[in-house]
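For reference, the structure discussed in these notes is given below.
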Amino acid sequence: MPDIDRKIEIAKWLVDPDKRQILPDDLILLEARLSDLGLNKIYKEIELPLIEILEKMHKIGIKVDVTLLGKLSKKFLKETSSLEKQIYKKSGFPPAGGFNLNSPKQLSEILFEKLKISKEGVSKTKTGNYSTDVGSLLTIQGRHPIINLILKYRKIFKIQSTYIEPLRKLADKNQRVHTTFVQTGTATGRLSSQNPNLQNIPPSVRPVFIAEKGYKLVSFDYSQIELRVLASVANDKKMIEAFQKDLDIHKLTASQVFNTDIHEVTKEQRGFAKTLNFGVIYGMGPVAFARSSGLSIEEAKKFIQEYFSDFANIKIWQEKTINQARKQGYVENLNGRKRWLPQINSMNNWVAREAERVAINMPIQGLAADIIKLAMIKVAKNNSLAGGARMLLSIHDELVFEIDMKVLKNKVSEIKKIMESAYNLKVPLKVDVTMGYA
DNA sequence: GTCTACCGCGCG
DNA sequence: AAAGCGCGCGGTAGAC
């Protein structure tokens, strides 16, 4: 039986996932609120069953190759210290220690005051300093040889300090790390992962995750789950058809907005279309689209317009969703999962626009989250796990299992099938299987 | 010493 | 000023 405090925590979170309201610690009262808000089904059929599943995943953990971690640590340490030396030399501040390379504030001073690199095209931070983020460094890359070294240094230092060292530290005697999946940590219904966060492991670090002897790691990825949800929820004919035919959705989008045959779509066109597709889910405007695609704002505007005239129902759905949010003060996904948006009627235009973007994103992200949670519950229920398969990680659109090689084939097809039938949309759900944690 | 805000960046 | 959603975390800097 789940702990009562955990139930209270979940109930409060379902009532107000942004945790802005002060709610009673009384489960009876909270459960009444859940009923009033139509959240009973999610509470009983998704969140409560998930408690023990997440607990089990935490206990099992995932194995890391500690020897490999040690080797990588040594290698990266060498590389960062070499880069460090070169950077200090070029900065005119040798020896090391002249300034702190990991301080954006100090680095900015060195680059723009001491070395007098032109600030043209460099954005500013919240506190008014010149930014040293990747984007800014890339725009000034050709202006001084030190920039390339800094970019390299940043990359390696990040891997070392955020992934390699913490994984070494957190591995237990069986070389396994035990992340905590936080059930009430997001405003959309997703899970989060902490201590360590195993939902943001970059590809270069993934090889350190391994299976126990006689087992294999297997990843099951939902293909384009958010776009499938969008197509289905917005009831967009063209997009639904594309998924029913299992077309390359970004290519199809490109063929629509560029008015060309789907077979003639160039790589570049597909790239624009991909940005557009994801941008639509996030409520991206012309400015952001221009910035991330390199188009002018005018061109970006035209493409967005073209997109919405090709996929007309998406625009209609977005407007309907925003209007409902204005009237009701909240948005909800198909399962009734809710998010309150008190700011949506703000007199401050920027604040209201921000709430509008949240309004059109939550029903999509939140339904995708429900789908993978339902899949987890069904897999667990089906006793798939009993005979040599363990669910280890849940990474938004992906589940990672550790499976006994003796039963590998059967388990893989079984799990894939369960995931693909976890929820009925107007389009099929598709799962890609990869051996290892790719 | 502990805290918080900020910067920056990894992932879906 | 910002100008695309959702997270967690390591580092610095300043307050206490």
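Below, chains carry the letters A, B, ... as their sequence lines are ordered, and counting in each starts from 1.
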- Note on the structure: Footprint ends on DNA chain C, 5' to 3', for atoms under 4.0 angstrom from a heavy atom of chain A, come out as C/dA2 to C/dG14
- With sequence neighbours excluded, residues passing salt bridge (Lys or Arg N to Asp or Glu O under 4.0 Å) with A/K416: A/E420
- Query: For the ring pair A/F157 and A/F76, is the centre-to-centre distance below 6.0 Å?
  - Reply: no
- Geometric cation-pi criterion, A/K430 with A/Y222: 6.0 Å, 45°: no
- Message: I need the minimum non-hydrogen distance between A/S136 and A/S123, along with the two atoms involved.
- Response: OG-OG, 3.5 Å
- Task: Indicate, with a heavy-atom threshold strictly under 4.0 Å, whether A/F157 touches base, sugar-phosphate, or nothing.
- Result: sugar-phosphate
- Message: Which heavy atom of A/P17 sits nearest to which heavy atom of A/W340, and what is that distance?
- Response: CD-CD1, 4.5 Å
- Please report the shortest heavy-atom distance between A/A234 and A/W317, naming the atom on each side. CB-CB, 3.7 Å
- Annotated protein contacts, base or backbone, on nucleotides 5-12 of chain B with a non-hydrogen cut-off under 4.0 Å, one of B, S, - each: -SSBBBSB
- Note on the structure: A/G283 and A/I360 have their tightest heavy-atom pair at CA-CD1, 3.5 Å
- Item | Chi angles and distances behind the ring pair (Phe, Tyr, Trp, His ring centres under 6.0 Å) call for A/F303, A/Y307 | CA-CA 6 Å; A/F303 279 119; A/Y307 185 97; over 10 Å; no
- Message: Can you confirm whether the side chains of A/T253 and A/N277 place a donor and an acceptor under 3.5 Å from each other?
- Response: yes
- Query: Given A/E47, which of A/K12, A/R337, A/K7 fulfils the salt bridge (Lys or Arg N to Asp or Glu O under 4.0 Å) condition?
  - Reply: A/R337
- Could you list by number each residue of residues 312-345 of chain A showing a heavy-atom separation from DNA chain B of less than 4.0 Å, or answer none if no residue does? none
- Query: Say you pick atom P in B/dG8 and the same atom in C/dA2; how far apart are they, in whole Å?
  - Reply: 13 Å
- Message: Using heavy-atom distances to pick each residue's nearest nucleotide on DNA chain C, tell me which of A/N195 and A/T188 is more 5'.
- Response: A/T188
- Given that A/S161 and A/S123 both sit by DNA chain C, which one's nearest nucleotide is further toward the 5' end? A/S123
- Message: Under 3.5 Å, is there a donor on one side chain and an acceptor on the other for A/S292 and A/T275?
- Response: no
- Message: Any base atoms under 4.0 Å from A/A187, or only sugar-phosphate, or nothing? Heavy atoms, all strands.
- Response: sugar-phosphate
- Which heavy atom of A/N335 sits nearest a heavy atom of A/L367, and at what distance? ND2-CD1, 3.6 Å
- Message: Taking any heavy-atom pair under 4.0 Å as a contact, classify A/E165: base, sugar-phosphate, or nothing.
- Response: nothing
- Query: Under 4.0 angstrom, heavy atoms only, what part of the nucleic acid is A/S292 near: base, sugar-phosphate, or nothing?
  - Reply: base
- Dot-bracket for DNA chain C, 5' to 3', with Watson-Crick and G-U pairs under 3.5 Å, [ ] for crossing pairs and | for other-strand pairs: what is it? ....||||||||||||
- What nucleic acid atoms does A/G285 come within less than 4.0 Å of, heavy atoms only: base, sugar-phosphate, or nothing? sugar-phosphate
- Task: Look at the aromatic rings of A/H250 and A/F278 and report parallel, tilted or perpendicular, splitting at 30° and 60°.
- Result: tilted
- Task: Quote, to the nearest angstrom, the P distance that separates C/dA3 from B/dC6.
- Result: 15 Å
- Task: Write down the distance separating the P atoms in C/dA1 and B/dC7, rounded off to the nearest Å.
- Result: 14 Å
- Task: Mind checking salt bridge (Lys or Arg N to Asp or Glu O under 4.0 Å) for A/D248 and listing every partner two or more places apart, or none if nothing turns up?
- Result: A/R270
